[in-house]
2 protein chains.
Amino acid sequence: MHRHESHDACHTGVGDMLARAEAVCRERGLQFTPLRREVMEAVAEAGKAQGAYDIAETLSAPGKRVAPVSVYRALDFLMQQGLVHRIASRNAFIPCAHGHAPGEGVVFLICRTCGGVDEASSGELEDGLDRTLKRAGFTPAHTILEVEGDCGACRERQQAG
Amino acid sequence: MHRHESHDACHTGVGDMLARAEAVCRERGLQFTPLRREVMEAVAEAGKAQGAYDIAETLSAPGKRVAPVSVYRALDFLMQQGLVHRIASRNAFIPCAHGHAPGEGVVFLICRTCGGVDEASSGELEDGLDRTLKRAGFTPAHTILEVEGDCGACRERQQAG
DNA sequence: GCGGGTTTGTTACAGTGTATCACCGCGGCC
DNA sequence: GGCCGCGGTGATACACTGTAACAAACCCGC
């Protein structure tokens, strides 16, 4: 159902994510430039949400500095294409695990122990939110739903250790 | 059900909010100092979410400067007591309209036209979230649920005007 | 090759939040 | 009274996050 079952195994998806990103861009006639690819890769490879400055540091090497502003631009692009998400409560970014329809409701599950972020979605939850908003007479444009807590893997690890 | 029906009328509650804040502090043996009172007042009087620096500017006067760091400390205190909320998507603060149980699920409805923020809560929504989290094997500690869109008043105003 | 759009580099800056240390006021205690 | 401890405040400095503005490089169609 969700990716990110374990944070050792989640590296396996990096190639898939890059391939999908490339396909999406080609399909839409947009450029998947080297910089955008590197940023996508950095976000996908990290097991947890990355700040823009973290990414800039990751991509920088002696003699080749990548400025944060460049990273922000690449991230903006990737977010527009639905390839990465921003975690508002952390000022950080994660790769999009599934392909959602744009605007579809997603819950981010942020583990405060391992820092990993999982995505979940639920029609039931979305219906409940829709009804709540309708009752309040509010027309939604954009929703942020982030839960911080402990993921199953970390909880087991703590009980075992 | 919710406060904040109109943003002209919402100023009426300021006195109540201050009274409640004072009562809460007395009850818990905490100090409701002048600075904390002023910050609470500034947050309560503004019809929309205030940034910490906005508050600092509001409270400052020629000859009496209130530094942002002081405002942050007061806000931290007021948030711990559940008297103000932080809107993560805006880096801004609003007064708490109802007295929730700590940890109770609340939705923030942020109007992108008037900037007003309403609070709503819904057992149905909360149940849906609980079930979704349980299915994902995730133990929640803290939830952020913010919806940006158009409030009823602004929608009517736009249709009329 | 040329013109025009997009992408990137660079610098500077605005906004948000925290760390640190010193000082003040107040209450308890000897 | 003098002393001490403690929470709150003031003040400075700093780290982190994000954006504006402009120039240079690049690509693509003509």
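Quantities reported herein were computed from a predicted structural model and do not represent experimental measurements. Per chain, numbering begins at 1; letters A, B, ... match sequence-line order.
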Next on the checklist: Please determine whether a side-chain nitrogen of the Lys or Arg among Glu38(B) and Lys64(B) lies less than 4.0 Å from a carboxylate oxygen of the Asp or Glu.
Outcome noted: yes
Whole angstroms only, please: what is the [atom1]-[atom2] distance between [X] and [N]?
X        : N       : atom1 : atom2 : result
Glu38(A) : dG9(C)  : CD    : C1'   : 14 Å
Leu35(B) : dG7(D)  : CG    : C1'   : 13 Å
Lys64(A) : dT8(C)  : NZ    : C1'   : 13 Å
Leu75(A) : dT7(C)  : CG    : C1'   : 15 Å
Met79(A) : dG18(D) : CE    : C1'   : 11 Å
Phe77(A) : dT6(C)  : CZ    : P     : 12 Å

Next on the checklist: Applying salt bridge (charged side-chain N to carboxylate O under 4.0 Å, His left out) as the test, list every pair that has at least one member in residues 68-85 of chain A; sequence neighbours left out.
Outcome noted: none
Next on the checklist: Please compare Arg65(B) and Arg36(B) by the position of their nearest nucleotide in DNA chain D and report the one closer to 5'.
Outcome noted: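 This one resolves to Arg36(B).
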Checklist entry - Side-chain contact, heavy-atom cut-off 4.5 Å: Phe138(B) with Asp118(A)? => result no
Checklist entry - How would you list, by chain and number, every residue that makes a side chain to side chain donor-acceptor pair (under 3.5 Å) with Arg112(B), sequence neighbours excluded? => result Asp150(B)
Checklist entry - By side chain to side chain donor-acceptor pair (under 3.5 Å), which residues pair with Glu41(B), not counting sequence neighbours? => result none
Next on the checklist: I want to check one thing: is the phosphate of dT8(C), taken as OP1 and OP2, less than 4.0 Å away from some side-chain N or O of Ser70(A)?
Outcome noted: no
Item to check | Residues forming a ring pair (Phe, Tyr, Trp, His ring centres under 6.0 Å) with Tyr72(B), sequence neighbours excluded | outcome: none
Item to check | Phe108(A): ring pair (Phe, Tyr, Trp, His ring centres under 6.0 Å) partners, not counting sequence neighbours | outcome: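 Counting only residues at least two positions away or on another chain, Phe108(A) forms a ring pair (Phe, Tyr, Trp, His ring centres under 6.0 Å) with His85(A).
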Protein-nucleotides 4-6 of chain D N/O pairs under 3.5 Å:
none

Next on the checklist: What does the B/S/- profile of nucleotides 25-30 of chain D look like, 5' to 3', with a 4.0 Å heavy-atom cutoff to protein?
Outcome noted: ------
Checklist outcome for this item: Once base and sugar-phosphate atoms are separated, protein heavy atoms under 4.0 Å mark nucleotides 13-19 of chain C, 5' to 3', with B, S and - as ---BBBB
Item to check | Listed partners of Arg26(A) passing salt bridge (charged side-chain N to carboxylate O under 4.0 Å, His left out), at least two apart | outcome: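 Arg26(A) satisfies salt bridge (charged side-chain N to carboxylate O under 4.0 Å, His left out) with no other residue.
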Next on the checklist: Checking Arg155(A) now: which residues fulfil salt bridge (charged side-chain N to carboxylate O under 4.0 Å, His left out) with it, not counting sequence neighbours?
Outcome noted: none
Next on the checklist: Once side chain to side chain donor-acceptor pair (under 3.5 Å) is applied, what residue pairs with a partner in residues 50-61 of chain B remain, sequence neighbours excluded?
Outcome noted: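 Side chain to side chain donor-acceptor pair (under 3.5 Å) check on residues 50-61 of chain B returns no pairs.
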Checklist entry - Residues two or more places apart in sequence or in another chain: which of them pass side-chain contact (heavy atoms from CB on, under 4.5 Å) with Gln31(A)? => result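 Gln31(A): side-chain contact (heavy atoms from CB on, under 4.5 Å) contacts with Thr33(A), Arg36(A).
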